[in-house]
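Along the sequence shown, the residues carry numbers beginning at 1.
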Amino acid sequence: MIAFVSGPVAALAPDSAVVEVGGIGIAVQCTPNTLSGLRMGQQTKLTTSLVVREDSLTLYGFVDDDERQVFELLQTASGVGPRLAQAMLAVHAPDALRRAVATSDEKALTAVPGIGKKGAQKLLLELKDRLGEPIGAPAVGAPVTQGWRDQLHAALIGLGYATREADEAVSAVAPQAEAAEGTPQVGQLLKAALQTLNRAR
């Protein structure tokens, strides 16, 4: 199993990065939060999880071992594959997911694209004894995830857009984010922001 990849970032896309390892470019699927910390040409080290299917080998990358462990634990629940597990981590940090499961916070799980009310109830039951207790205490009055504007802006900068372009794209998708129920989906907003940038060019 490939436990991690380390090397310069050779390419960035909305949902993946290519890390050069020993002269080979390795494609790694990442959440917007992970991608926002990467910069073209800079050294990085991503903890990874290899998902083997009959017709594909897909490598998923994470900022640390904790995120990878939660990604793998989420998939022990029935109906949760790697893409849904990654979507859950795109919306909530590992500790936020632990807190949601520990407090039976159905609303936090339905904020993830692809999870409905019944699915959330089922996941809460299945994951109750698997994820463990939250590691860090939540800051009083702080949202579960960092502001979507900051996450989205950092992700766009990481993809190579200028600060002005990132500012304009964030403003363009603000109405969509504010109209969303619960926590805005940074992954969806990133796609919408990239579409506005592509139209502007």
Side-chain angles (χ1 to χ4, degrees), residues 2 4-5 7-21 24-51 53 56-64 67-68 70-71 74-75 80-94 96-97 111-115 145-180 182-201:
I2 301 169
F4 67 87
V5 293
V9 178
L12 286 167
D15 58 359
S16 64
V18 175
V19 180
E20 188 181 328
V21 181
I24 298 169
I26 296 184
V28 188
Q29 298 289 312
C30 305
T31 63
N33 198 37
T34 300
L35 289 169
S36 70
L38 304 180
R39 298 289 178 269
M40 287 287 291
Q42 287 189 10
Q43 288 286 322
T44 189
K45 181 178 179 180
L46 294 173
T47 303
T48 56
S49 178
L50 182 64
V51 175
R53 294 283 183 267
S56 66
L57 293 171
T58 309
L59 203 58
Y60 290 83
F62 310 94
V63 286
D64 55 31
E67 198 173 52
R68 176 182 65 185
V70 170
F71 172 78
L74 289 171
Q75 291 174 74
V80 179
R83 288 207 174 277
L84 184 56
Q86 192 182 42
M88 290 169 80
L89 284 165
V91 176
H92 300 296
L97 282 171
V112 179
I115 298 180
T145 54
Q146 81 181 83
W148 67 266
R149 287 174 184 274
D150 294 341
Q151 282 189 339
L152 182 58
H153 195 275
L156 289 167
I157 297 293
L159 289 170
Y161 288 97
T163 303
R164 183 184 57 78
E165 289 178 307
D167 289 341
E168 287 172 1
V170 169
S171 298
V173 299
Q176 179 184 332
E178 283 153 15
T183 310
Q185 315 301 320
V186 177
Q188 289 179 352
L189 293 174
L190 181 58
K191 284 179 186 171
L194 289 169
Q195 284 171 354
T196 67
L197 287 164
N198 288 339
R199 281 199 297 268
R201 287 187 163 183

(request) Give a yes or no answer on whether the side chain of R39 reaches the backbone of S36 with a donor-acceptor pair at less than 3.5 Å. (result) yes
(message) Run L12 and V18 through side chain to side chain contact (heavy atoms under 4.5 Å, CB included) and show every step you take.
(response) CA-CA 6 Å; L12 286 167; V18 175; over 6 Å; no
(request) Would you name the heavy atoms of L38 and A17 that are closest together and state the gap between them? (result) CD1-CB, 3.7 Å
(message) A side-chain contact here means heavy atoms from C-beta on lying under 4.5 Å apart; do V19 and T44 qualify?
(response) yes
(message) For A172 versus T196, what's the shortest heavy-atom pair and its separation?
(response) CB-CG2, 4.1 Å
(message) Ignoring hydrogens, what is the shortest heavy-atom contact between A85 and Q75? Give both atom names and the distance.
(response) CB-CG, 3.9 Å
(request) Walk me through it: do L97 and L74 pass the test side chain to side chain contact (heavy atoms under 4.5 Å, CB included)? (result) CA-CA 10 Å; L97 282 171; L74 289 171; 4.0 Å; yes
(message) Within this structure, what is the CG-OG1 distance for the pair D15 and T34, rounded to the nearest 0.5 Å?
(response) 12.0 Å
(request) List the steps and the verdict of side chain to side chain contact (heavy atoms under 4.5 Å, CB included) for E67 and Y60. (result) CA-CA 11 Å; E67 198 173 52; Y60 290 83; over 6 Å; no
(message) Whether the side chain of S171 engages the backbone of D167 through a donor-acceptor N/O pair (distance < 3.5 Å, no angle test) should be reported.
(response) yes
(message) Rounded at 0.5 Å granularity, tell me how far CG in L59 sits from OG in S16.
(response) 11.0 Å
(message) Using 0.5 Å steps for rounding, measure from the CE atom of M88 to the CD1 atom of I115.
(response) 4.5 Å
(request) Could you grab the distance from atom CG of L190 to atom CD of Q195, nearest 0.5 Å is fine? (result) 10.0 Å
(request) Search all heavy atoms of P14 against all heavy atoms of L194 and return the closest pair with its distance. (result) CG-CD1, 3.0 Å
(request) Can you see which heavy atom on P8 is nearest to which on G41, and at what distance? (result) CB-O, 3.9 Å
(message) Quick check against the 3.5 Å criterion: does E165 have a side-chain atom that pairs as donor or acceptor with the backbone of A162?
(response) yes
(message) For a 4.5 angstrom cut-off between non-hydrogen side-chain atoms, does C30 reach V63?
(response) no
(message) Tell me every residue that passes side chain to side chain contact (heavy atoms under 4.5 Å, CB included) with T47, counting only those two or more places apart in sequence or in another chain.
(response) D65, R68
(request) List for me each residue that meets ring-ring contact (aromatic ring centres under 6.0 Å, His included) alongside F62, sequence neighbours excluded, and say none if there are none. (result) F71
(message) If we ignore hydrogens and angles and just use 3.5 Å, is the side chain of T48 paired with the main-chain N or O of I2 as donor and acceptor?
(response) yes
(request) Quick one: pull up CG in L46 and CD in Q29 and give me the separation to the nearest 0.5 Å. (result) 12.0 Å
(request) Determine whether L84 and V112 make a side-chain contact, defined as any pair of heavy atoms from C-beta on separated by less than 4.5 Å. (result) yes
(request) With rounding to the nearest 0.5 Å, note down the distance linking CD in Q42 to CE in M40. (result) 11.0 Å
(request) Could you please spell out the steps behind the side chain to side chain contact (heavy atoms under 4.5 Å, CB included) verdict for V170 and R149? (result) CA-CA 7 Å; V170 169; R149 287 174 184 274; 3.9 Å; yes
(request) Could you tell me whether a side-chain N or O of Q86 sits under 3.5 Å from a main-chain N or O of P82, the two making a donor and an acceptor? (result) no
